[in-house]
Amino acid sequence: MRRLTKAGHWIGVDLGGTWVRVVLSNEKGRFADRIGEKVDKSSADAISEQIARITRLLCSRHNFSVKAVRGIGIAATGPLIQEKGVLIKPTNIPFDLVSLTKPITEELEVPACLINDCAGAALGESTFGAAKGVDNFAYITIGTGIGCGAIVNGTLLLGKDGNGHEVGHFVIDADGKLICGCGKPGHWEGYCSGRNIPNFVRMRFKDMAAETVEASSLFKRVRGDLSKLVAADLFAAAKKHDALSLKLVSELGVLNAIGFANVISAYDPSLMTVGGTVTLKNKRMIMSPIRKHVGRYTVNRVPEIAISPLGDDVGLYGAVATAIKYLS
Ligand SMILES: [Zn+2]
């Protein structure tokens, strides 16, 4: 564990649909300690109570009062209303409204602020990661879903409620063969996110001769039960040189390249970094086709596209950076 200086203790919270992770950080983004738990979904109030309890625990482990914390930044999957510090019908959390900043501030007497996790990730990257000093930058996550955060001319873009640039719902297939989790056809996330890659594979299998599908090691991996297929099966089979899996990975790569090209056309970044579990577990298979094909779909000069050096912690860095930016 790193020692904290007296200069400032900050709490960063990465609140997802399944896990909540909390770090104790200094102002330079050095994490002294962390705790992760499954999100307590027993009531809408339970989540803020859980974050307050973990914050107390982290402070007590380091022998200082919670009141010494300068601020708590929460990066959460939206939708949300940033100014009110609330989530509205959040993905994978079964409540219409989850109030976060107000109850936490009342409970701990420490200021708290909220940000969309992808916007937060962009801020984290520009504060602590690869985008330091970069005025035009976009962060993309390809994980369970697909999201983006963007900094344009040095300004973090947020939108009216903080839900800007929902790029996962960009249309990348006008035929709309697959329906996204949001209910609309043809969305990028409906094809290329970890949750929906199995739908893409099943759809493509239907177009192919049964003997071709049955000969693939991907089909054998799930013992012929395609309902059991997960995204990791596709990449594992591709890494073992299964020709059909390699073909599907390459098709997904073209769709990702279209999504990236749309982001480049919208924000004209000079640097893009990429994170999310699908990317981080399959770096070359995700990045190579994007780099290869993106230029075909955007008229803009293609930016540098790199894996985020902040890895799986980009949301936590984003939460800490948000607290420092908005609560200093
Ligand atoms: Zn959608």
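Just so it is clear, the values below take in all heavy atoms, side chains as well, and ignore hydrogens, waters and symmetry mates. Ligands are counted one by one from 1 in listed order, and the atoms in each one are counted from 1 as well. Here the structure is a predicted model, which is why all the values come from computation and not from measurement.
- Looking only at protein N/O/S atoms, the ones less than 2.8 Å from the Zn ion (ligand 1) make 4 in total.
- Leu246 is linked by a side chain to side chain contact (heavy atoms under 4.5 Å, CB included) to Ala238, Met285, counting only residues two or more places apart in sequence or in another chain.
- In this model, no donor atom of one side chain and acceptor atom of the other lie less than 3.5 Å apart for Asn153 and Thr155.
- With sequence neighbours excluded, the residues satisfying ring-ring contact (aromatic ring centres under 6.0 Å, His included) with Phe128 are Tyr317.
- Glu107 and Ser48 form no side-chain donor-acceptor contact under 3.5 Å, judged by distance and modelled atom types alone.
- Remark: Tyr267 pairs with His165 by the ring-ring contact (aromatic ring centres under 6.0 Å, His included) rule, at least two apart or across chains.
- For Trp188 and Asn256, the side-chain atoms include at least one donor-acceptor pair closer than 3.5 Å.
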